[in-house]
Structures are given as structure tokens and as C-alpha cells.
Amino acid sequence: MTDGIASDRQDKLKALRAEGVDPFPARVAKGQPIAEVLEGFDDKLESTVTIAGRLSQLRDFGKLRFSHLSDRSGSLQIGFERDALQDFWPVRKKVESNDLISVTGVLGHTKKGERTLWAKDVTLAAKALRPAPEKWHGLQDQEQRYRMRYVDLFANPGVRETFATRSKIVRETRHYFDSLDYLEVETPILQPLFGGAAARPFTTHHNALDMPLFLRIAPELYLKRLIVGGMERVYEIGRVFRNEGISTRHNPEFTMLESYEAFADYKDIMNRVEGLFQHLVDKVLDGEGKVTFREKEYDLKPPFQKARYLDLFAEQNPGVDWFEHEQVIARAKELGLKVDGIEPAKLANDVFEATVEDTLIGPVFVHDYPTAISPLAKRMTDDPRVAERFELFVAGMELGNAFSELNDPIDQEQRFEEQVVDKDDETPGEVDLDYVTALEFGMPPAGGLGIGIDRLCMLLTGSTSIRDIVLFPLLRRIDPNANQGSEPTAPTEQPPEANKPK
RNA sequence: GCCUCCGUAGCUCAGCUGGUAGAGCAGCGGAUUCUUAAUCCGCGGGUCAAAGGUUCAAGUCCUUUCGGAGGUACCA
């Protein structure tokens, strides 16, 4: 297992070289996509075409052998006949399953009627030194699938399709916002202060400026600076980084969509979200809004249900007032939640999450959140304890978060300062005063939205784990020095202190 | 972080209350001009994740470590 390179394949490689065959030529005839060849196949019989791709298992009959060749678009059977392949025939056994080849041949059928490219000329495009996984079961081992996604992609049917769907979701999301005259922008990933969400950041350091930097946990505060600047409608789809736990719904780096629209409020943004879902249902799900996720069916076709946060809280916690700390504490204890050292608002929200979130089958907009847990959202005029904010839930999973953006710089600075006062690992050590300055120049009333693209893709592809829609999910590094010594060995290098929040 | 489960051939897996390592596929040699999970005959392939322990004897039991999965916690 140390190696994995099959010696018989290396022998074949050497033998090919000895016979003057380049096992890794710079280029071969690539021909046309297989799907194109298959289209109107019967009208093209006897014509000569070239295709290129990966060879699957060979079925050998002495003077005749069959195999399928696959490319990104499809697969087609290749027929290798001794009498048609003078040059290739003698080296045929050194070209085997998993190798990449280019084949020129004549289209036809077998006696059994299978569409077949009868090979006239075969060129090795790249020798595979490792064998393919088991032909019937493919690669089953989850760890190997994630560590060696390159194998998973070609060996397991459906994986490429899932990622093609992901690509389409992102593309159609862009189309949707583009069609509304939004500008796609790019804001800093390396940030001197982090904000726009509550999460522990990854930290790094810039050498030339001798300055600590954070990988962004959200692009929010930069995007809203653009609204101040008059860009009025902007969105960004990009990676954000949160130094938190890993689960079926969490990867340390994930893709977030954020959009901001001047002169819109959270109700307008609700309409945008429904518009986006309608667009995705039409373009990605072919108009069929029903998806199956974790064995349950959901209808993603808008309109979606709506429910007030405090109403939901009251339903599940009768007699408990969200704003009455003593009542919340009693309820939290009843639920077995951690109570000590937890902020009142945070605790009340913990109770909400413990009692309500699982009931949110959805899709449902939960709206009008307490201001205390919404530091960037505008207060409601009739009740300042509540903010104009909603979250979209599907399958108990938070998919999106939106609000009427707080544009009062004085209120904003106060709320930032409250965060800094109860400073923990998840809040910056200082207020982003430049953001407050930006607001002081005047930000139009605006509606903003954040959507977790990965979770959206999970839902639309029916993937139970975020790792199934992230091409290369983060896994622990395999330490080549581990397990070597007779006693447990400490890692030779300690992780940099900078990554440990103090 | 905690709990549960998993790690045996390149891959997919079996291996009972402890008795000395198995199958299929892949590979190698042979037969085969119609297969498509081809078939038939023969062959090779293992640090049972690692280290330590109990035992006459460990893939199997115990401890620790490494890696993974699921759950849980953290993630306003």
C-alpha cells in the first residue's frame, strides 16, 4: 500500500518505450466528443471518426477485443480487430484498462447491434501506471473518494454529473443577478479586520507590511462600502473561511453568495430569493421544483411560507418571553442547554435553535429577528427590539440570511462596540471604524442577502454531505512519519501559534 | 472536543465463542472473431492501519496512537 504503482504496468511502460512508443506523447488526435458521434449515429455508418478518452476493461477474444472508451460527454464501444490494426496489434497487450488513448476508426455495429467504432488506428495518449478501482463497485471508500477525487470522478458514475450541476447552479445564479442589473464584484479575501458574521477566522501574516491578516469570514462590510459608493446593486460569489468544526454541513472554506441592493428592504429581498429559486427550478431542475433530500421531499417552487421568529419561539416555548432573561434561563435549563457565561440574547437564540430549527421543514422564511442577534440589521420602527431580517430554512438547514441593512452610523458604531465589549474569539478586537466612516458618508437604505452556495447545491443535487459537493474537502493530512516509531511520536513540527486563537 | 462505528490483497468484501489468511474483480500465462460485470484452464499477490500488552497461540481480546464515517458540541 506504500506504493500503489503496479509493477506489471511499469513493465509495460518500459516495453512500450523499448519498442519506440512514446507512452506520454505531447499531443494526439483528439477528434470529437463522443456524444457528438452518438448523435444521429445510424446516419453516419461507415464514416471515419476520431475519439479520445479513457479505456475501460477489455473483453478479449483472441483476434478480436472490445472495450468502451469514455470522454467527458459519453462512451462508445471500440472494436479492435487483428486484421485491421497491423501496427497496433503487436503492442495491444501493453495498452489496457484505464489508459488514455486516441482512436480513429469506422462507425458500425456489432453482430449483436451494439454501436461500435471499429478501430483503424490507435494511439496511446497517456499510460496509466495505477489500475482502476473495481469495475463494478467503483471506489467505495469515503476517505479515498475525497482524498483521491481524481479517481472518484472517473471511476464512480454520477460524481461528475453532480459537479456539473453545481457549476450550473453557480452560473444560473450569476445569470439571475446579472439580469437584474447587478454588478459582480470581487472584494478582499485577506482582511486586516474580520467582520460581517460571527465565526473564528483563520489568521495569516503579510511579510512586507509586517501585518497580521485574516481570511474573510464574510464579504459583507466591503460590499456595503460599494453601496455607499453608488454601485447600488452588487453581488459576489466567493470563498469564505471559518475556523470552526467540520460536519456534513460545514467545511472550513465554503462558497457564499452575497448581494446588496440600494433602495430595497428585506421584503424586496424576499422577492429576490423567490425569484432566484424560481430561476434555478426552471434552469437546473427543468421546472420541477421537487427534490429529495435526506429521504424527504421538498418543493422548492416559490412562493415560500413565512413565519415570525418570535411567533415560532412562542409556539415552541409557551409562557417564555424571549426578552425576559430569567424565563429564558429557566427554559434553557429545562432543555439541558449550557447556561453559564452565555449572553442573554445568545441564550435566547440557543433556545430558539434547540426548539424551533428542527421543525423548519420549509422552505420557510423566518423573519423579524431580535435586534440583539442581528448587529448589522435595521431595527423595526414600531419595535426597536426587533430587526428587519429573515433567514431561509429548508430541511432544518439555514440556507440564507438577509436584512434591511443598518445604515445609521451611530447605531452601527454602538452595536459594534457592544460586540467588542463582550469580546470572545469570534469578534474582532476593534471596531471597523472605516466601515462606520463609510456609513457616515451616507448609505442608501438597502437590502442585503447571503446564501450558502454549498448547501444550496446539496439541496438541489440531493447530496447528504457537503463533502459530496465540494471537490476537495478538507481532510487531515496523512503524516508520513506517523506510525513509524515504536513509541507514539509527537508531530515533528508544531502548528504555527498564529493559528491558535488565544 | 466528546460518543459510537470502521480500517484485512490494487479495488469490493468475508473471516464464528482466539487455533496460524479467504473469495470476486483487477494482474500474469494460456484458449477464444461478437463481448458489453464475457467465458474457460492455470498462476502470483498480505507488515490483517501502527505500536505495545494478555495468551501455548491474536486479524479476532486489552491499551495507546494514526486515519475515516456518522452523531453531538462550536458555528449570533
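Computed over heavy atoms, backbone and side chain alike; hydrogens, waters and symmetry mates excluded.
Ranking B/G70, B/A37, B/A38 by closeness to the A/R59 side chain, first place goes to B/A38. Each of B/G68, B/U32, B/G30 was ranked by its minimum atom distance to the side chain of A/L475; first place goes to B/G68.
Nucleotides B/C5 and B/U12 place their P atoms 23 Å apart, quoted to the nearest Å. Distance noted for atom P between B/C28 and B/A14: 27 Å (whole Å). Going from the C1' atom of B/C11 to that of B/A26 covers 7 Å, rounded to whole Å. As rounded to the nearest Å, B/A69 and B/G10 have P atoms that lie 22 Å from one another. Taking the C1' atom of each, B/G22 and B/G59 are spaced 12 Å apart, rounded to whole Å. Nucleotides B/C3 and B/A73 have their C1' atoms positioned 11 Å apart, rounded to a whole Å. With C1' as the reference atom, B/C34 and B/A49 are 45 Å apart, rounded to whole Å. Separation of the P atoms belonging to B/U55 and B/C48 is 22 Å when rounded to the nearest angstrom.
Within 4.0 Å (heavy atoms only), A/E134 reaches at least one base atom of the nucleic acid. Contacts of A/K346 with the nucleic acid, taken as non-hydrogen atoms under 4.0 Å apart, involve only primed sugar atoms and P, OP1 or OP2. Among the atoms of the strands shown, none is found under 4.0 Å from any heavy atom of A/G79. Residue A/D83 is classed as a base contact, given a heavy-atom separation below 4.0 Å to a base.
Each of A/R467 and A/D60 has a nearest nucleotide on RNA chain B; the 5'-most of these lies closest to A/D60. Where A/H68 and A/Y146 each meet RNA chain B at their nearest nucleotide, the meeting point lying more 5' is that of A/H68.
Contact annotation: A/R294 side-chain N/O to B/G71 OP1/OP2 distance is under 4.0 Å. Note on A/R476: a side-chain N or O is less than 4.0 Å away from OP1 or OP2 of B/G68. A/Q57 has a side-chain polar atom (N or O) that falls below the 4.0 Å cut-off from OP1 or OP2 of B/G27. Proximity of A/K111 to the phosphate of B/C34: no side-chain N or O atom is located under 4.0 Å from OP1 or OP2. For A/K135 and B/G10, the shortest distance from a side-chain N or O to OP1 or OP2 is not below 4.0 Å. Between A/S374 and B/A76 there is no side-chain N or O to OP1 or OP2 distance below 4.0 Å. Of the side-chain N and O atoms in A/R130, none sit less than 4.0 angstrom from OP1 or OP2 of B/G10. For the pair A/R147 and B/G68, the criterion of a side-chain N or O lying under 4.0 Å from OP1 or OP2 is met.
Rounding to whole angstrom units, CG of residue A/D350 and P of B/C75 are separated by 7 Å. Rounded to an integer number of Å, the gap from A/I78 CD1 to B/A38 P is 16 Å. Rounding to whole angstrom units, CD of residue A/E391 and P of B/A76 are separated by 9 Å. One interatomic measurement links the two molecules: CD of A/Q140 to C1' of B/G68, which rounds to 15 Å at whole-angstrom precision. To the nearest angstrom, C1' of B/A69 lies 10 Å from CG of A/D141. Counting to the nearest Å, the C1' atom of B/A26 and the NZ atom of A/K12 are 10 Å from each other.
Between the side chain of A/H250 and the base of B/C75, at least one donor-acceptor pair of N or O atoms lies under 3.5 Å. Taking 3.5 Å as the limit, the base of B/U36 and the side chain of A/E114 contain a donor-acceptor pair of atoms between them.
Considering only heavy atoms from C-beta on, A/F403 stays 4.5 Å or farther from A/L449 through its side chain. Between A/L55 and A/E96 the shortest side-chain heavy-atom distance does not fall below 4.5 Å. At least one side-chain heavy atom of A/R389 sits less than 4.5 Å from a side-chain heavy atom of A/I373.
The aromatic ring centres of A/F365 and A/F390 sit less than 6.0 Å apart.
Residues A/D411 and A/R415 are paired through a salt bridge, judged by an N-O separation under 4.0 Å between the basic side chain and the carboxylate.
Cation-pi check for A/R54 over A/F154 is met; the charged atom lies under 6.0 angstrom from the ring centroid and within 45 degrees of its normal.
The aromatic rings of A/Y309 and A/F352 sit parallel, their planes meeting at an angle under 30°, below the 60° perpendicular limit.
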